Number of protein chains: 2
Amino acid sequence: MKPRTVQNAPPLDAAQWIEAAFDALAEGGIEAVRVDPLAKQLGVTRGSFYWHFKDRDALHQAMLRQWRERANYMIFNRLERSAESASQRLDRLLALPHATERSSRGAAIELAVRLWAQRDRNAAKAVRHVDRTRLTYFAKLLQQHGVPVVEARHRAFLFYAALMGEAWITTDNREAMRHGLRALLLAKP
Amino acid sequence: MKPRTVQNAPPLDAAQWIEAAFDALAEGGIEAVRVDPLAKQLGVTRGSFYWHFKDRDALHQAMLRQWRERANYMIFNRLERSAESASQRLDRLLALPHATERSSRGAAIELAVRLWAQRDRNAAKAVRHVDRTRLTYFAKLLQQHGVPVVEARHRAFLFYAALMGEAWITTDNREAMRHGLRALLLAKP
DNA sequence: CCCAGGCCATACACTTGTGTATGGTCCCTT
DNA sequence: AAGGGACCATACACAAGTGTATGGCCTGGG
């Protein structure tokens, strides 16, 4: 009878559904990103969802597309814009997991996507792409920092692993740890 | 009328439910470990489940207890039994993710537990415990290998992170990578 | 002013999952 | 040879989630 309340909330678009979907993904994995709870979370009914998306799977694919882009472009472009040295950039990257609540969400999303990728071919493809991009970027930075090519690739892997480890290996004194890592990873040969 | 089929399958115990639960956990996260699917998977009805466990949450807690033990004792004791040098043990640890299907399951379980730990206090506690145990063990091995105490802790973190990275960072030429990591991580100071 | 289309509520039919209550087998003991 | 307990099937009541069908509101362009 009164579909949208008198004080009209601004209408939703697909992006907001996707945002809420990432929240759910971060908390419960891909199995937890369900239409009905999302609708309740957004304060609407599923009628809205099925207008923006064909079905649940369409949402999943949209999430993958977005993750695949945001996971690289956002971070790297922002990093490249500021004119710093390679080592400064590596520093800032290492300090990244520490950031805030925001990056804790990001870490959870990373976990969830990788778990998802265990049995979903599309998710696996996205993860492969993201990993390749990041690894080659890190290797490039390390080369610019003075590390020879082959070792740069190896150390890029360590760097990447340390980045993730910082995010979800629970340990005390992260501060001290980060300094040690910095020394180990960025040592000139 | 004929509760258990004539050809009696051996009766289940709680352990088998937990095993199946870990399979589900590895595939879909904690949200996917549901009673009814597990029952179908095991070829019984939920009647069995609710005899062995009070409810779904009881199963979750039992899983945590088991993970917390198996994640450390099993691996380390087996490693300690064989009389090797510290560096040999570190080598074998680094080669661990490569192993088989079996360890792919283990990696997925690790992912799922850590994702779970984002919002479950008990899971978080288990992860903290496991991480502490592993990190101190790695640090001990590295000390035995000749690395001074403080750097041993830092390098143990890198070692741990690399171990996980190997398991779930998708990259080509894992073989070459592992050799590079070995050189970087086990270099004498 | 009106009406087409963007956006959403409502209702309905299923499906899947949870938990409980109860009873039926089988085996092991006494 | 009972009888008790381990183990599970069955049935029931309910809750939650998925899609579909349909119609209503509300805004902008002619």
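Computed from heavy atoms alone, side chains included, the values below leave out hydrogens, waters and symmetry copies. Everything quoted here is computed from the prediction, not taken from an experiment. Quick note on labels: first sequence line is chain A, next is B, and so on, each numbered from 1.
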What residues, two or more places apart in sequence or in another chain, satisfy side-chain hydrogen bond (donor to acceptor under 3.5 Å, both in side chains) together with [X]?
X	result
Asp131(A)	Arg114(A), Tyr160(A), Thr170(B)
Lys40(B)	Asp36(B)
Arg119(A)	Glu31(A)
Arg182(B)	Asp91(B)

- Message: Does a side-chain N or O of His52(B) approach OP1 or OP2 of dA6(D) to a distance below 4.0 Å, or not?
- Response: no
- Task: Indicate whether OP1 or OP2 belonging to dG17(D) is found under 4.0 Å from a side-chain N or O atom of Arg34(A).
- Result: no
Rounded to the nearest angstrom, tell me the gap between atom [atom1] in [X] and atom [atom2] in [N].
X	N	atom1	atom2	value
Phe49(B)	dT20(C)	CZ	P	11 Å
Leu38(A)	dC8(C)	CG	P	14 Å
Arg56(A)	dT15(C)	CZ	P	17 Å
Gln16(B)	dA6(D)	CD	P	17 Å
Trp51(A)	dC25(D)	CH2	C1'	15 Å
Asp55(B)	dG17(C)	CG	P	17 Å
Phe53(B)	dC7(D)	CZ	C1'	14 Å
Lys54(B)	dG19(C)	NZ	P	8 Å

- Between Gln88(B) (side chain) and Ser85(B) (backbone), is there a donor-acceptor pair under 3.5 Å? yes
- Message: For DNA chain C, which residues of residues 23-33 of chain B approach it to below 4.0 angstrom with any heavy atom?
- Response: none
Who pairs with [X] by side chain to side chain contact (heavy atoms under 4.5 Å, CB included), at least two apart in sequence or on another chain?
X	answer
Thr136(A)	none
Gln41(B)	none
Ala21(A)	Val33(A), Leu38(A), Leu59(A), Met63(A)

- So does Arg153(B) have more than 12 non-hydrogen atoms from other groups sitting under 6.0 Å from CZ? no
Could you run down the sub-3.5 Å N/O contacts of the protein with nucleotides 13-16 of chain D?
none

